[in-house]
Amino acid sequence: KVKMFISTIAIILLFSICVSAQKVCLFIGADPNTEPNAAYDPYMVDHLYSMGYSIEEVIINDVPLYSDEDYADYDFLFTSESVGSGSLEPLKEIPKPIMCSEGWASKPSALAWSDPASADNYVPEPVVIVDETGHPLAAGYNKGDVLDLCSDPAGLIVPHQPTVDIIPIAALASDPSFMLVYGVEAGTVNTLGLITKNRAAMVAIHEFGYPYLTDAAW
């Protein structure tokens, strides 16, 4: 039986949404006309469909035009790693749960979870589970388990050192001070001194990660 790192139940529990009705995800991706990496977004969209979610897609260029009311019909947001990290800055105070796969968005000029920004691109290497609580985001893995997020050398992962309160899940095996998978609770004070209004989860991949994600990462 495959253990999925971000499994259906993990997402359900993270976002505190009822499973009695189909839930709607707003998938935020890049413009395929200007960003080659947007060609990989359908892999994640298809996976979310397979998990039973209804998906609506929007390109990141339109996000600055959205108000809180425009997000009202969505149960959670998924931000693609194809978008520029700085373009996610408008989401840092949106009162909707966010699943973020753009590791660079931890920087102060985006979601503001790392200060100073410590993100960097790494060729894929193993990550280690650091969760000791059996948190749903760990999806059944135990502390000390080692696994891959991205198994293809063409991909990149984005370890970084959050400086806000987080729920630590998985870190770089070669240096566990660098995180790759973690949660951020509503009410957390970010590096700008703002109080977050939503729960969030980070799975920090980059570039060509989608088609090469391991079964564990799915």
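Just so we're clear, the structure is a prediction, and the values are computed from it rather than from any experiment. Numbers here are sequence positions counted from 1.
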Exercise. Has Leu65 got more than 12 heavy atoms of other residues, nucleotides or ligands less than 6.0 Å from its CG?
Worked result: yes
Exercise. So do Glu35 and Ile59 actually touch side chain to side chain, heavy atoms under 4.5 Å?
Worked result: no
Exercise. Are the side chain of Asp70 and the backbone N or O of Ser67 linked by a donor-acceptor pair below 3.5 Å?
Worked result: yes
For this session: Examine Trp104 and Phe178 and state if one hydrophobic cluster contains both, with Ile, Leu, Val, Met, Phe, Trp and Tyr joined whenever side-chain heavy atoms are less than 4.5 Å apart.
Result: no
Exercise. Do Ser82 side-chain atoms and Gly29 backbone N/O form a donor-acceptor pair below 3.5 Å?
Worked result: no
Exercise. Okay, side chain of Lys92, backbone of Ala112: is any donor-acceptor separation there less than 3.5 Å?
Worked result: no
Exercise. Would you say Ile28 and Leu91 make side-chain contact, with heavy atoms under 4.5 Å?
Worked result: yes
Exercise. Is any side-chain heavy atom of Asp131 closer than 4.5 Å to a side-chain heavy atom of Leu137?
Worked result: no
For this session: Would you check if the side chain of Asp175 reaches a backbone N or O of Leu172 as a donor-acceptor pair within less than 3.5 Å?
Result: no
Exercise. Hey, are the side chains of Pro126 and Asp148 touching, using non-hydrogen atoms and a 4.5 Å cut-off?
Worked result: yes
For this session: Rounded to the nearest 0.5 Å, what's the gap from CG on Leu48 to CE on Met99? Could you check?
Result: 9.0 Å
Seminar exercise, completed: Smallest heavy-atom separation, Pro64 atom then Ile60 atom, equals CD-O, 3.4 Å
Problem set entry | Donor-acceptor contact present, side-chain Ser101 to main-chain Thr79, <3.5 Å | yes
For this session: Test Met44 against Ser80 for side-chain contact (heavy atoms from CB on, under 4.5 Å), laying out the working first.
Result: CA-CA 8 Å; Met44 193 66 232; Ser80 167; over 6 Å; no
For this session: Measure across Val83 and Ala30 and return the closest heavy-atom pair with its distance rounded to 0.1 Å.
Result: CG1-N, 3.6 Å
For this session: Starting at CG of Leu156, measure out to CG of Asn121 and round the result to the nearest 0.5 Å.
Result: 5.0 Å
Exercise. Would you find a donor on one side and an acceptor on the other, under 3.5 Å apart, between the side chain of Thr188 and the backbone of Thr196?
Worked result: no
Exercise. Linking I/L/V/M/F/W/Y whenever any side-chain heavy atoms sit under 4.5 Å apart, do Val181 and Val158 land together?
Worked result: no
For this session: Would you give the length of the straight line joining atom CD of Glu125 to atom CG of Leu180, rounded to the nearest 0.5 angstrom?
Result: 8.5 Å
Problem set entry | Heavy-atom pair with the smallest gap, counting every atom of Gly86 and Ala110 | CA-CB, 4.4 Å
Exercise. Got Met202 and His160 here, is their nearest side-chain heavy-atom distance under 4.5 Å?
Worked result: yes
For this session: Pick out which of Asp75, Ile55, Leu77 makes a side chain to side chain contact (heavy atoms under 4.5 Å, CB included) with Cys25.
Result: Ile55
Problem set entry | Distance in Å, Asp41 CG paired with Phe27 CZ, rounded so as to fall on 0.5 Å steps | 4.0 Å
Exercise. Strictly under 6.0 Å, is that where the ring centroids of Tyr53 and Phe78 end up?
Worked result: no
For this session: Kindly check if the number of other-residue, nucleotide or ligand heavy atoms within 6.0 Å of NZ (Lys143) is above 12?
Result: no
For this session: Apply the test side-chain contact (heavy atoms from CB on, under 4.5 Å) to residues Ser106 and Tyr182: give CA-CA distance (whole Å), side-chain angles for both, the deciding distance (0.1 Å), then the verdict.
Result: CA-CA 11 Å; Ser106 66; Tyr182 57 90; 3.9 Å; yes
Exercise. Which pair of non-hydrogen atoms, one from Leu111 and one from Cys100, has the smallest distance, and what is that distance?
Worked result: CD1-SG, 4.2 Å
Exercise. What are the two closest non-hydrogen atoms of Ala170 and Ile129, and how far apart are they?
Worked result: CB-CD1, 4.2 Å
For this session: Give a yes or no answer on whether the side chain of Thr191 reaches the backbone of Pro108 with a donor-acceptor pair at less than 3.5 Å.
Result: no
For this session: Measure up the Tyr71 and Tyr66 rings against each other and bin them: parallel (under 30°), tilted (30 to 60°), perpendicular (over 60°).
Result: tilted
Seminar exercise, completed: The reported gap from CG in Leu26 to CD in Glu57 (rounded to nearest 0.5 angstrom) is 9.5 Å
For this session: Consider only side-chain N and O atoms of Ser177 and Gln161, and report whether a donor and an acceptor are under 3.5 Å apart.
Result: yes
For this session: Just do the side-chain contact (heavy atoms from CB on, under 4.5 Å) check on Val130 and Ile169 with the steps written out, would you?
Result: CA-CA 5 Å; Val130 295; Ile169 301 296; 5.7 Å; no
Exercise. Heavy atoms, side chains only, cut-off 4.5 Å: are Ile94 and Asp68 in contact?
Worked result: yes
For this session: Check the pair Val189 / Val164 against side-chain contact (heavy atoms from CB on, under 4.5 Å), numbers first and verdict last.
Result: CA-CA 7 Å; Val189 178; Val164 301; over 6 Å; no
For this session: Work out which heavy atom in Glu102 is nearest to a heavy atom in Leu88; give both atom names and the distance.
Result: CB-CD1, 4.2 Å
For this session: Could you state whether Val184 and Leu194 fall into the same hydrophobic cluster, counting links through intermediate Ile, Leu, Val, Met, Phe, Trp or Tyr residues with side-chain heavy atoms under 4.5 angstrom apart?
Result: no
Exercise. Hey, what do you get for CG (Leu192) to CG (Asp115), rounding to the nearest 0.5 Å?
Worked result: 7.5 Å
